[in-house]
Each structure stands twice: as structure tokens, then as C-alpha cells.
> 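I have a structure I would like to understand better, so I am pasting it below and will then ask my questions one at a time.
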Amino acid sequence: MNMEKRKFKLLVAATGSVAALKLPIMLNSLLELNGKQPYIFEISTVVTEHAKHFFNKSELPPGIIIYDDETEWKTWKGRGDPVVHIDLGKWADMMVIAPLDANTLAKMAQGICDNLLTCTTRAWDMNKPLLFCPAMNTRMWQHPITSKHIQTLKDWGHEEIAPIKKLLICGDTGVGAMAEVETIINRVKNIADSKML
């Protein structure tokens with residue numbers, strides 16, 4: 001009897017860093033794993049308004065649902081209607097924010113929830129894994145507040161995939177670039193394996 005594979009529900013989020021241009025690559029890479037393991041990734045995506053500047057929706061794999069601020073307000077008209085940021089947190093087995101820009105990092109660390117993504121993280125079940133992949137200019141990365149914000153998220157149990165040193169889009173060279181997609185994918189897969197196998 002052919003049994004349907006179990007699903008690992010993954011919420012992939014992107015914020016307004018130029019590294020959001022790698023979102024289509026990341027999603028395609030995750031879906032390519034689906035034929036190579038005894039479970040499959042079921043993926044939904046949350047993006048901030050600024051993240052949408054860095055990728056074209058036509059580059060995303062077919063069937064991927066994209067949630068944004070407009071989605072949140074379209075679905076709720078009154079009592080009893082879906083609350084997207086709550087429903088996403090209930091649905092997902094894991095969340096990965098790649099890239100996490102300096103602005104959203106600061107919002108998360110302070111508990112600010114003024115868009116769909118930050119509302120989702122504020123309502124996140126702390127028993128579920130949340131990976132975050134910082135990406136910002138080296139000057140922003142080196143600001144003393146950044147390490148404090150990173151540590152706050154780690155203290156809550158979230159896991160950082162640290163940025164790397166490379167030539168940045170702005171022309172500077174230094175630490176701040178988002179980790180390589182392959183590094184992120186491997187960590188996601190390792191966590192999913194530990195939950196599913």
C-alpha cells in the first residue's frame with residue numbers, strides 16, 4: 001500500500017534586507033529535498049512589505065502561499081474570522097526568518113508587533129523551533145545594540161544562524177551578509193529530521 005508521506009510544516013519568513021533576493025532559491029532548495037526523505041516540507045511564506053522589493057513573485061515555486069500585511073486584514077472582518085498571525089503559529093512546526101534585518105530584529109527583541117511577521121513571532125509557541133538568520137550592513141552588525149538583541153532572542157530559545165563576512169551589495173566588505181542558503185537548508189533539515197525520523 002502506498003502511504004502518503006508525513007508533512008513537516010515550515011514557515012519561511014523574509015524581511016527587508018537585500019538578502020531577501022535569495023528567497024526563491026531557498027524555497028526551491030527546500031522543495032528539492034521532498035523526493036529524498038521519508039517526509040515532505042509543506043511550506044508557507046511570510047514577507048514584510050520591504051522584503052517584497054527584493055524578489056519577484058514569479059520566481060517563487062508554484063503552490064507556495066505568500067502571506068503579507070494585506071492578507072492579515074483581508075481575512076478578518078469581525079469576531080470569529082481567522083486571525084492569520086495566530087493561525088500561522090498554530091499551523092507551523094518550525095519558523096525560519098531568512099533574512100532577518102536589523103529593524104525586525106530590534107522589533108522582535110522589544111516585543112513590537114506591528115506587521116504580520118512580528119505579530120506571528122510575538123505569538124510564537126516557544127516549544128517550537130524558530131531559526132533566525134541576521135543580515136545587515138557591517139556597521140549595523142557592529143552596533144552594540146545588535147548583540148544585545150541577538151542575545152535576547154537566543155535567551156528565549158530561538159536559534160541564530162550567524163551572518164558571514166563577504167563583499168556586501170553596498171560595496172563594503174565585512175560581517176553582516178546572511179549565511180549561505182546551503183547552511184540554512186542543512187540546519188532546517190537537521191531539525192526537521194530530529195522531529196520526523
> Kindly say whether Gln142 contributes a backbone atom to a donor-acceptor pair with the side chain of Thr146 at under 3.5 angstrom?
no
> Considering residues at least two apart in sequence or located in another chain, which fulfil the salt bridge (charged side-chain N to carboxylate O under 4.0 Å, His left out) criterion with Lys52?
Glu49, Asp68
> Is there a path of hydrophobic side-chain contacts, each under 4.5 Å between heavy atoms, that joins Val12 and Tyr67?
no
> With side chains defined as the heavy atoms from C-beta onward, is the minimum distance between Met94 and Val188 less than 4.5 Å?
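When only atoms from C-beta onward are counted, Val188 and Met94 do touch, with a gap below 4.5 Å.
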> Answer yes or no: is there a side-chain heavy-atom contact under 4.5 Å between Lys165 and Thr173?
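Result yes, sub-4.5 Å side-chain heavy-atom pair found.
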> Has Arg6 got a side-chain atom pairing as donor or acceptor with Tyr39's backbone, closer than 3.5 angstrom?
no
> Return yes when atom CH2 of Trp73 has more than 12 non-hydrogen atoms of other residues, nucleotides or ligands closer than 6.0 Å, and no otherwise.
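At most 12 heavy atoms, drawn from other residues, nucleotides or ligands, come within 6.0 Å of this atom.
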> Could you tell me whether the side chain of Glu159 reaches within less than 4.5 Å of the side chain of Arg187, counting heavy atoms only?
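Counting from C-beta outward, Arg187 and Glu159 do come under 4.5 Å.
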> Consider side chain to side chain donor-acceptor pair (under 3.5 Å). Of Asp114, Thr118, Asp101, which one does Lys107 pass it with?
Asp114
> With distance as the sole test, does Asp93 use its side chain to make a donor-acceptor pair with the main-chain N or O of Lys9 at under 3.5 Å?
yes
> Does Leu11 offer a backbone N or O that forms a donor-acceptor pair with the side chain of Ser44 under 3.5 Å?
no
> Check for a donor-acceptor pair, side chain of Lys166 on one end and backbone N or O of Met178 on the other, with a separation under 3.5 Å.
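Not confirmed, Lys166 side chain does not pair with Met178 backbone.
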> Counting C-beta onward and ignoring hydrogens, is there a side-chain heavy-atom pair between Leu100 and Met108 closer than 4.5 Å?
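In contact.
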> Distance only, no hydrogens: is a donor on one side chain within 3.5 Å (strictly under) of an acceptor on the other, for Thr183 and Asn186?
no
> Please tabulate, for the side chains in residues 20-27, all donor-acceptor contacts under 3.5 angstrom to protein atoms that are two or more places apart in sequence or on a different chain.
none

> Using distance alone, with no hydrogens and no angle criterion, decide if Gln151 and Asp155 have a side-chain donor and acceptor under 3.5 Å apart.
yes
> Are Trp156 and Leu130 close enough that some pair of their side-chain heavy atoms sits under 4.5 Å apart?
no
> Between Lys128 (side chain) and Met95 (backbone), is there a donor-acceptor pair under 3.5 Å?
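Checked: no pair found.
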> So does Phe41 get a backbone contact from the side chain of Asn34, meaning a donor-acceptor N/O pair under 3.5 Å?
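Side chain of Asn34 to backbone of Phe41, a donor-acceptor pair under 3.5 Å: yes, one is there.
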> Any non-hydrogen side-chain atom of Thr121 less than 4.5 Å from a side-chain atom of Thr104?
no
> Taking the side chain as C-beta and beyond, is there a heavy-atom pair between Leu105 and Met136 under 4.5 Å?
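Answer yes - side chains close enough.
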> Below 4.5 Å, heavy atoms only, C-beta onward: do Ile185 and Leu33 meet side chain to side chain?
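In short, these two side chains touch, coming nearer than 4.5 Å.
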> Is it the case that over 12 heavy atoms from other parts of the model lie below 6.0 angstrom from the CD atom of Glu182?
no
